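Following: one structure in C-alpha cells, then a few remarks.
If you're wondering where the values come from, they're calculated on a predicted model, not measured in any experiment.
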Amino acid sequence: PDARIVYQPPVLVFMQSALRSVPSPAGEGFWSTVALSLADVIAAAALRQLASPGRETALATTRPARGDSVAAAYLFNPQVVAACVAGSTAAYSNAATLLSLSLAARGRGAAAASMLAIATYLSVYPAMLLLPVLLLATDASIGSRNAVAIFVAFAAVLSVLMCVSYWALGSSWEFVGVCYGALLLLSDLTPTVGVWQPVFVAMFPRYRSLFLVLIHGHFVSYLIPLGLRFRQQALYMASLIVLLTSLVKTYPCTADIALGLSLLSVHDKVIAEMRHKWLLVLLFSWSHVQTEFALDAWLMQGSADSNFY
C-alpha cells in the first residue's frame, strides 16, 4: 500500500502534523514524542487511580502501594515502551480509555462518557466499553444513576468530533469510510500481528462478507453474557472486553495488548489464583520472539503466506 496513506481520524492527523511542525532543538517530531509520552503518563495515572486503596472488591485487594506498582508496570512495560518509540498513536486511545474508566469509578458519569467518546473517535472498538462505564458510574455514586445523561454526553461529544472532522476536510464525510470503514471491513491486507489478516489473504472473495459479519458479530455477542455475569464487577468486565478487543481487532498493535494486560493487573486476586502462570508467561514471551521471525518472513523476504502459521 501507499506509505502516505493513514487510517486515522482527521483531528488526530492535524494534531500530529501540528506537533511535528513545531521547531525544536531536539529535531523534527520531538513535540510529537513528548505528547505520546505524556499520554502514557496520563494512562498510568488513571491506572493508579483504579488500583488505589479504597477500591477493594472481590477481585482486587487494597494492598499498600498497589496503585504505584500497577502504574510502574504499565510505564515500564516493554510493549508500551516499544509503541512509544515507534510513535504509535494508540497511546492517545489508551489514555482516553483508562481515563474514562477512572472517572466512571469515581462516579463522574458524564466526564467518563466524554472521554470514552474521544477514545471511540480515535479507535472504534472502545465503544464496546459503554456498558461497563455505565455500570461503573452508577455503582460508584448514588447521584449518578441517570443513564440517559451518560448516553447523551457520549453521543454529543462524538457528534462534535465528527462535525469538526467534517468541517476540517472541507465539508466531506469521506473520512468515515477511510478511517472507520478500513477498520471494520479489513480493506488493507498488509501483514499485521492480527489473527485475521492471514485468513483473509487466502480467502475467496465471495466468502469475505460472511466472515466479516462473523468476526464482528462474534465479538459483540460477548457483551450481553459478560454484562449479566459481571454486573457487580464492571471494571473486571471492562478488562475482559479490552483483552478480547486486542485478540479480535482487525489491526491490533502491541499497545492494545499492553492495555489489556495492564487492566488485568488491577485485579491481583485473579492473577494470584491463576493456574500455570509461568507457562502463560513463557508462551507469551515465545509469541513475541516469533513475531520478529514472522515480520522478517512477511515483509523482508516475502516468503510467507497464510500457511506459514
Side-chain angles (χ1 to χ4, degrees), residues 33-85 88-119 122-123 126 129-130 132-141 144 230 232-243 245-246 253-274 277 281:
T33 304
V34 170
L36 291 171
S37 302
L38 181 61
D40 285 332
V41 172
I42 293 174
L47 269 174
R48 183 181 183 277
Q49 179 66 33
L50 288 172
S52 62
R55 288 194 47 79
E56 183 170 4
T57 67
L59 303 175
T61 63
T62 54
R63 188 175 66 251
R66 185 170 66 92
D68 295 334
S69 301
V70 171
Y74 178 84
L75 289 175
F76 293 101
N77 188 328
Q79 296 169 318
V80 175
V81 175
C84 184
V85 171
S88 173
T89 56
Y92 298 129
S93 178
N94 288 356
T97 300
L98 290 173
L99 270 177
S100 175
L101 294 174
S102 177
L103 290 168
R106 286 179 283 171
R108 301 174 61 181
S114 300
M115 294 307 304
L116 187 63
I118 295 175
L122 297 175
S123 175
L129 293 173
L130 187 56
V133 165
L134 174 64
L135 294 177
L136 268 175
T138 55
D139 287 344
S141 174
S144 61
F230 298 107
Q232 302 300 324
Q233 292 92 27
L235 182 58
Y236 186 63
M237 177 173 63
S239 304
L240 293 179
I241 291 175
V242 171
L243 282 170
T245 300
S246 66
C253 63
T254 56
D256 298 317
I257 303 173
L259 176 62
L261 293 178
S262 299
L263 275 173
L264 186 63
S265 67
V266 173
H267 313 285
D268 52 353
K269 287 185 178 180
V270 174
I271 298 177
E273 295 178 4
M274 289 176 63
K277 289 188 286 288
V281 171

Nearest-0.5 Å distance, [atom1] of residue [X] to [atom2] of residue [Y]:
{"X": "Tyr74", "Y": "Leu259", "atom1": "OH", "atom2": "CG", "value": "6.5 Å"}
{"X": "Ser69", "Y": "Arg48", "atom1": "OG", "atom2": "CZ", "value": "10.0 Å"}
{"X": "Leu47", "Y": "Asp68", "atom1": "CG", "atom2": "CG", "value": "12.0 Å"}
{"X": "Ser262", "Y": "Leu75", "atom1": "OG", "atom2": "CG", "value": "9.0 Å"}
{"X": "Ser246", "Y": "Ile241", "atom1": "OG", "atom2": "CD1", "value": "12.0 Å"}
{"X": "Leu243", "Y": "Ile257", "atom1": "CG", "atom2": "CD1", "value": "10.0 Å"}

List the atom pairs, with distances to 0.1 Å, where a side-chain N or O of residues 34-42 and a protein N or O form a donor-acceptor pair under 3.5 Å, not counting sequence neighbours.
from  : atom 1 : to    : atom 2 : distance (Å)
Ser37 : OG     : Thr33 : O      : 2.9

Residue pair [X] / [Y]: nearest heavy atoms and the distance that separates them:
{"X": "Ala234", "Y": "Leu135", "answer": "CB-CB, 3.7 Å"}
{"X": "Leu50", "Y": "Ala105", "answer": "CD2-CB, 4.0 Å"}
{"X": "Met237", "Y": "Phe230", "answer": "CB-CB, 4.0 Å"}

Could you check Gln79 against Leu261 for side chain to side chain contact (heavy atoms under 4.5 Å, CB included), going step by step and ending with a plain yes or no?
CA-CA 10 Å; Gln79 296 169 318; Leu261 293 178; 3.9 Å; yes
Does some side-chain heavy atom of Val266 sit less than 4.5 Å from a side-chain heavy atom of Leu235?
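Touching, per the 4.5 Å side-chain cut-off.
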Quick one: side chains of residues 94-103, donor-acceptor pairs under 3.5 Å with protein atoms, not counting sequence neighbours, listed by atom name and distance.
from   : atom 1 : to     : atom 2 : distance (Å)
Asn94  : ND2    : Ala255 : O      : 3.1
Thr97  : OG1    : Ser93  : O      : 2.8
Ser100 : OG     : Ala112 : O      : 2.8
Ser102 : OG     : Arg106 : NH2    : 3.4

Under 3.5 Å: donor-acceptor pair, side chain of Ser114, backbone of Ala110:
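It does hold such a pair.
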Is a donor on one side and an acceptor on the other found under 3.5 Å between the side chain of Ser123 and the backbone of Ala119?
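No: the side chain of Ser123 does not pair with the backbone of Ala119.
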